[in-house]
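Encoded as structure tokens, the structure appears first; notes follow it.
Lettering follows sequence order; numbering is per chain, from 1. All figures in this text were calculated on a predicted structure; none of them were measured in a lab.
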4 protein chains.
Amino acid sequence: MVLSTAVLDTVEQICHTVADLHGELTRNELVIWTAGNVSARVPGEDLMVIKPSGVSYDELGAEKMVVTDLYGELVHGSLAPSSDTAAHAYVYRHMPEVGGVVHTHSTYATAWAARGEPIPCVLTMIADEFGGEIPVGPFAMIGDDSIGRGIVETLRGSRSPAVLMRNHGPFTVGKDARSAVKAAVMVEDVARTVHIAHQLGNPMPLKQEDIDRLHERYRNVYGQQEAR
Amino acid sequence: MVLSTAVLDTVEQICHTVADLHGELTRNELVIWTAGNVSARVPGEDLMVIKPSGVSYDELGAEKMVVTDLYGELVHGSLAPSSDTAAHAYVYRHMPEVGGVVHTHSTYATAWAARGEPIPCVLTMIADEFGGEIPVGPFAMIGDDSIGRGIVETLRGSRSPAVLMRNHGPFTVGKDARSAVKAAVMVEDVARTVHIAHQLGNPMPLKQEDIDRLHERYRNVYGQQEAR
Amino acid sequence: MVLSTAVLDTVEQICHTVADLHGELTRNELVIWTAGNVSARVPGEDLMVIKPSGVSYDELGAEKMVVTDLYGELVHGSLAPSSDTAAHAYVYRHMPEVGGVVHTHSTYATAWAARGEPIPCVLTMIADEFGGEIPVGPFAMIGDDSIGRGIVETLRGSRSPAVLMRNHGPFTVGKDARSAVKAAVMVEDVARTVHIAHQLGNPMPLKQEDIDRLHERYRNVYGQQEAR
Amino acid sequence: MVLSTAVLDTVEQICHTVADLHGELTRNELVIWTAGNVSARVPGEDLMVIKPSGVSYDELGAEKMVVTDLYGELVHGSLAPSSDTAAHAYVYRHMPEVGGVVHTHSTYATAWAARGEPIPCVLTMIADEFGGEIPVGPFAMIGDDSIGRGIVETLRGSRSPAVLMRNHGPFTVGKDARSAVKAAVMVEDVARTVHIAHQLGNPMPLKQEDIDRLHERYRNVYGQQEAR
């Protein structure tokens, strides 16, 4: 597959963005060694940019990123793509509104995933960002479409941009890679806070109508409108 | 509203201070992404300086700060103010002794807030800084006066500069923004220590007279007198 | 009190060492804001070097350190000494083998102190450094000799260089300030590990004879002999 | 023992690698003060490179590393070797496939070791890297062959590159020092996640056949093939 110069320019820009966003994973202590990855859809093309497999975050410049089609076949770049590529690709094929996908094994989110328990919506921050409880997806083997299918089926029934894949860890999506990284940061933060709240008793529930109002407000009012 | 040159000079200085103090929030791991804010009253004016909404801490220079009146209306600056502006403004209107307000979702303090439980005064550090237990405020929706009212009503019956807003997170106040940041750092620290103490049994209580003596001493003896 | 040039040279060197060692407190996350302090005895003099009160660790150069006599009276320097000075001074007066004292409110050690429970000797690292369980000292008011007396009385019946002062936090001692800092780092580390071990059951006990052999070996074999 | 120039060149390179890898121990918060060590076999020689005893990580350049034979006798370098040298040497003598050994007292792994409990295989990441539960080795005194013998006997019955030595801490092995460090990072990460999962209930088990498939795939597919 030969990419046009215009597409190559876009791809290069996205490679820089995706490489930089891996820095947020380490800065927010969501990953160790090479165990997490960010990808981004190339807008208007059936392509995605993703981390190469088994490369440490220190060595992860834009030039190391790889481009695959939406079936995970390498299109550009010389390294083998992440072993989670099939899952990312499945999400892009089946959720056209998604522009970015992130996978980590962040500690507290993975602990909920190990028990197969959703994170209850007991904080305003959860209502804001996730619009309700953060759901659990099925156990699925790594490498084929199983994980992607589990992610898509779980997220379709939810307002949450995050899913806790059972015995594995969280996947998050967003309109772009930065939004998906934000959701990955926030799912770990609320997984930790709610875990800790539960250790000494029970958090007080939020009413569904309050959750709805908070989520609505957050989506429409929060942040700089020009920057969203 | 046109600000005089003298007021603008003061405002500029406060913008620098407030921008820098956000660095203490990240350094002390009280915030993730954009989820926390510091404000300061402009002395002698019905104005406050506050963080803009949804701007990341890395990009938060003095020039990004915004100035509002004490009803949250933008007076100076080009970005939309923090979505918590109404709460900060309400506090400044009703607590004239307060010169700084801080809001975070720091993990352990928010966990106590999720259960709606005050932090008991079982450490000399809590007696020193908070003068007794750290109280819980009501659940309140974001955006209008509800949060501000909850903060003010709760703090009026307490010596504590911190309140744990239910299902939401801590707000702290101080004579200036730096004092409010200090209280935000300390409320998380003691929330964590007391949580951990409770995990394996019960902390031993402090006598009320010891709490009173410690608090009195701390307010009058601790630190460099010229620097307070 | 006028200090001779020779003593002033020694004092200046110690001020540098003590200022630098405060950096280990922050690096090892034992302290927040200004809530911890290191001191060192001036060898051969009835003097000690200690942190000034309420000064943040960022601003803590050698020139900020203060020199007091062993009753806590200021001898050299322009800032008020730490509010824990009386405790440090008492230790130097009553334990001539001690050359350094450290006080923190490090999280896990303080949690054990809040419950008034000693840390049991269930790790080889505890046998090595502490020679047995880490004892609890009495509750004592800040400011007069009570804390110092509690430290000295507790440490006299123990091989441990650390004592957990009830509802307050750990104090550690050493042959010099660096050894006391090392003990402060290690008491928090083992307080955390043993806490976590207890959360899911009971650590297996160590035999007294194994504790004795480990402690003996550590004191005599570990490290570079010329550097001890 | 006189080393040839060719061996000395290899040794120098390994000293650099081993010194740098100690930086991963601190960066991943696996060690405090001087309490952990990395060693590497010198390929084709009965020699190993190891950390000197009691030297802080800040001062740990390649020139400080020491070379011993596989009985722990100093061959090259001026400092005394780590007090864990006998354990490392025993492993190299009895496991010819091992090229690197790491020892830490990392918090969560040591907490499992204190209770004498293996870490169950309830995460895909554990199946990948450890191929099953992470086993516990016997309590053994420091200094002679006891620890080395406990490591070797425990690892022989397991696919895991990590063993939790009772009341002491984890040891990990690998085909080279970098692999052993990776295992040390990952054993702490999964020890923490599984601990946290257990705090609020029970993780769901993985089927043995899924563990086998995940482990097989990870060993053969993950990473850049040329870089393994």
Counting heavy-atom pairs under 4.5 Å to chain C, which of [options] comes out on top?
| options | answer |
| --- | --- |
| B/Val122, B/Val194, B/Thr124, B/Asp189 | B/Thr124 |
| B/Leu123, B/Asp128, B/Asn28 | B/Leu123 |
| B/Leu200, B/Val190, B/Thr193 | B/Leu200 |

- Item | Contact origin within B/Asn202 toward chain C - heavy atom pairs under 4.5 Å |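 The backbone, not the side chain.
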- Under 4.5 Å from any heavy atom of chain C - which part of B/Glu24: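 Just the side chain, heavy atoms under 4.5 Å.
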- Query: For C/Phe139, is the NZ or CZ atom of B/Lys207 found under 6.0 angstrom from the centre of its six-membered ring and inside 45 degrees of the ring axis?
  - Reply: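 The answer is no, since B/Lys207 fails at least one limit relative to C/Phe139.
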- Item | Partner set under ring pair (Phe, Tyr, Trp, His ring centres under 6.0 Å) for B/Tyr108, not counting sequence neighbours |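 Partners of B/Tyr108 by the ring pair (Phe, Tyr, Trp, His ring centres under 6.0 Å) criterion, ordered by chain and then number, come out as B/His195.
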- Item | Qualifying residues under ring pair (Phe, Tyr, Trp, His ring centres under 6.0 Å), relative to B/Tyr92, sequence neighbours excluded |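 Not a single residue meets the ring pair (Phe, Tyr, Trp, His ring centres under 6.0 Å) criterion with B/Tyr92.
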- Can you tell which part of C/Thr26 gets under 4.5 Å to a heavy atom of chain B, answering side chain, backbone, both or neither?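 Looking at C/Thr26, nothing touches chain B.
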- Query: Do NZ/NE/NH1/NH2 and the carboxylate oxygens of B/Arg27 and C/Asp58 come within less than 4.0 Å?
  - Reply: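 Yes.
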- Message: Exactly one of C/Leu8, C/Val49, C/Leu47 should register a side chain to side chain contact (heavy atoms under 4.5 Å, CB included) with C/His76. Which one does?
- Response: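 Going through C/Leu8, C/Val49, C/Leu47 one by one, the side chain to side chain contact (heavy atoms under 4.5 Å, CB included) with C/His76 is satisfied by C/Leu8 alone.
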